[in-house]
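Okay, structure first, notes after.
This is a predicted model, so every value here is computed, not measured.
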Amino acid sequence: MHLGTCEYIYSAVMTDDKDFIERYILTLSSYAFKATMLVSRWTDGYHPLIHEFVTSRSLPDILNYIKTMSGKDQLDILSAKDKDGNNIIHKCCGLLDNVMLIINALEQILRIFSPITFCQMVCEKNAHCDTVLHVYAKRCTSKLHQSMSLFEFFRNKLQHLWVSSVSQEDGRRNNVLHMCCGNPHAIYYLLTKLGSYYNHQAYEIENKSALSTHHFKKCSTFAKLALQKNSDGQSCLHLSALMKDPLCFTQILSQIPKNLQYSALADQDGDGNNVLHKLLKNSMLHTSKDWLNGVLHSTNQDGYLTLLGSRNKFSKTPITACLGLKGGNSISDLNPQSNVQEHKSSNHWSNNIITALDYVNSFDHRRLLIKQRDSFGCSLLHHAVIAESKHLTQYLTRNLYPEDIAELSQIVVPSNGLNAHPRTIFHLALHHNDRELFYFLYSCLVSPAMIYWFRGIMVTNNIAPLQTSLLEEAISSKIPI
């Protein structure tokens, strides 16, 4: 096509100049020329011209004109792909912001093509291995796409291909259910359509979970899709645990057979994280009881404690993993300024820990979780002090016996470097001159023997010295001279 003509046409489409489009394209007498024009590409070779009409007011008129063309021209135009392998149905579902506009465009395309050709285009994958349903599901989390009308449209048109199209995986092995984990409307729709659906002959889903094949085959299609893992080893339970709405998580969990729910919660992703590792990182966890109520409904206290004590491949439990501390082999790697700022910018983490511990019924079990030491030798109390969270520090000390606090105070954590000194929890409290936190910890030392130990250890040569004025003030306020 002549470059000047192509430039005018692209300019008209981009500015939505409908009068120009009708005058120079829609009124052309040569169908062959129009077909050539509509599949022509701009100089970068990125989009066929027909794709530029997707967001134009002229799209219905263009589709009506295509309907009058020969079958070959129709197929050439509507099956034209961009550089990413998207056909026109991919573009409609990915660009149009109104569900009814999408459905109207697809109805027009369906009147041009046979149902079989239409279904083939819907199930066709682009260069990123996304089908049309994947493209739409990715946008389904926005407020404009809460309507399930388009899912219902595809279900009616695809008929027996509907289940297999929902189960198709993209390049990261996500099925459509994975992509809808942030939208409770979509989850509920898929649940109602697939939750009671069982098909072991015409359609068999590969078992990509840790569950036994025998139990897996007894699951509904919805449960099977929810338990499948993507390339990161995450099931829909892992993904929905990080979303802001607990409804998605509870709906998915409720559809998994009762005898498999604990196994699904304990199932680990590629990094060894179970579902609680994900939940405790969720900034909304402490705002609703539905999250952990759903977990406890699926397991007993022993199972909950096992999940809390499970370590990922970085040797972090769900509680220590949600602290967000980076790896290292010394306390100096634990508390650089950057990590403290990371703690402070995520105030939800301390509330999440408190929420998780509140669901532990036994005081002694809570004590053990708090005293549990990581690979650095630090307990949860140490981490709370490092992050300068007085709120969490007070909660933890209330759930410890005085002897426990004295025991944790004596832990000397090694530092990095040849000339660095080991540190106690009091050194960590004063790392950023937090006088209030230091005094609070010191006030917990109720044993006179513990106080004298504290005075003695500060003058030992291999222990980093505290600020002299603070130490003197603390000792003089606690021990009469």
Check your understanding: Can you find a pair of side-chain heavy atoms, one from Val166 and one from Phe151, that are under 4.5 Å apart?
Key -> no
Point to revise | Side chain His382, main chain Arg373, donor-acceptor under 3.5 Å | key: no
Exercise for review: For Thr393, enumerate each residue passing the side chain to side chain donor-acceptor pair (under 3.5 Å) test, keeping only those at least two apart in sequence or located in another chain.
Suggested key: none
Point to revise | Short side-chain to backbone donor-acceptor contact, Asn351 and His286, under 3.5 Å | key: no
Point to revise | ring pair (Phe, Tyr, Trp, His ring centres under 6.0 Å) involving Tyr401 - partner list, sequence neighbours excluded | key: Phe363
Review point. More than 12 non-hydrogen atoms from neighbouring residues, nucleotides or ligands closer than 6.0 Å to OH on Tyr188, yes or no?
Key: no
Exercise for review: In plain terms, say whether Arg139 and Asp97 are close enough for a salt bridge, that is, a side-chain N and a carboxylate O under 4.0 Å apart.
Suggested key: yes
Practice item. Please confirm whether the backbone N or O of Asn312 pairs with a side-chain atom of Gln268, one donor and one acceptor, at under 3.5 Å? Key: no
**Study point:** salt bridge (Lys or Arg N to Asp or Glu O under 4.0 Å) partners for Asp269, two or more places apart
**Key:** Lys278
Check your understanding: Partners of Ile354 by side chain to side chain contact (heavy atoms under 4.5 Å, CB included), sequence neighbours excluded?
Key -> Asp358, His391, Leu392, Tyr395
Check your understanding: Between the side chain of Ser240 and the main-chain N/O of Cys236, is any donor-acceptor distance below 3.5 Å?
Key -> yes
Point to revise | Heavy-atom side-chain proximity of Ile256 to Leu237 below 4.5 angstrom | key: yes
Exercise for review: Write down the atom of Ser165, the atom of Val176, and the distance for their closest heavy-atom approach.
Suggested key: O-CG2, 4.0 Å
Check your understanding: Rounded to the nearest 0.5 Å, what separation is found between the CG atom of Leu307 and the CG atom of Asp302?
Key -> 11.0 Å
Review point. Are any side-chain N or O atoms of Thr299 and backbone N or O atoms of Val295, one a donor and one an acceptor, separated by less than 3.5 Å?
Key: no
**Study point:** Note, Leu305 side chain near Leu368 side chain (heavy atom, < 4.5 Å)
**Key:** no
Exercise for review: Could you pull out the closest heavy-atom pair between Trp291 and Met243, with the gap in Å?
Suggested key: CH2-O, 3.0 Å
Exercise for review: Using the test side chain to side chain donor-acceptor pair (under 3.5 Å), find all partners of Glu124 that sit at least two apart in sequence or belong to another chain.
Suggested key: Lys81, Asn87
Review point. With no hydrogens and no angle check, is any side-chain donor or acceptor of Asp84 less than 3.5 Å from a backbone partner on His128?
Key: no
**Study point:** Validation row: Leu194, Trp162 side chains within 4.5 angstrom (heavy atoms)
**Key:** yes
Check your understanding: Which atom pair, heavy atoms only, marks the closest approach of Ala264 to Leu227?
Key -> CB-CD2, 3.7 Å
Exercise for review: May I ask you to test the Cys181-Ile252 pair for a side-chain heavy-atom distance under 4.5 Å?
Suggested key: yes
Exercise for review: Keeping the roles fixed (side chain from Asn174, backbone from Asp170), state whether a donor-acceptor pair exists under 3.5 Å.
Suggested key: no
Check your understanding: Is there side-chain contact between Leu106 and Phe154, with at least one heavy-atom pair below 4.5 Å?
Key -> yes
Review point. Counting N and O atoms only, with roles assigned by atom type, does the side chain of Asp271 sit under 3.5 Å from a partner on the main chain of Asn273, one being a donor and the other an acceptor?
Key: no
Review point. Backbone N or O of Arg173 within a donor-acceptor pair of the Lys229 side chain at under 3.5 Å?
Key: no
Study note, to complete from the structure: Sorted by chain and residue number, the side chain to side chain donor-acceptor pair (under 3.5 Å) partners of Asn86 (sequence neighbours excluded) come out as Asp82, Asn126
**Study point:** Within-4.5 Å side-chain heavy-atom neighbours: Lys281 and His277
**Key:** no
Revision key, fill the gap. Taking every heavy atom of Gln228 against every heavy atom of His178, the minimum-distance pair comes out as O-NE2, 3.1 Å
Practice item. Look at the side chain of Asn156 and the backbone N and O of Glu152, then say whether any donor-acceptor pair between them is shorter than 3.5 Å. Key: yes
Practice item. Please tell me if the side chains of Leu369 and Arg366 come closer than 4.5 Å, counting only heavy atoms from C-beta onward. Key: no
Revision key, fill the gap. Of all heavy-atom pairs linking Ser310 and Pro318, the shortest is O-CD, 3.2 Å
Exercise for review: Give the intermediate values and the outcome of side chain to side chain contact (heavy atoms under 4.5 Å, CB included) for residues Gln261 and Leu253.
Suggested key: CA-CA 7 Å; Gln261 288 180 353; Leu253 188 59; 4.3 Å; yes
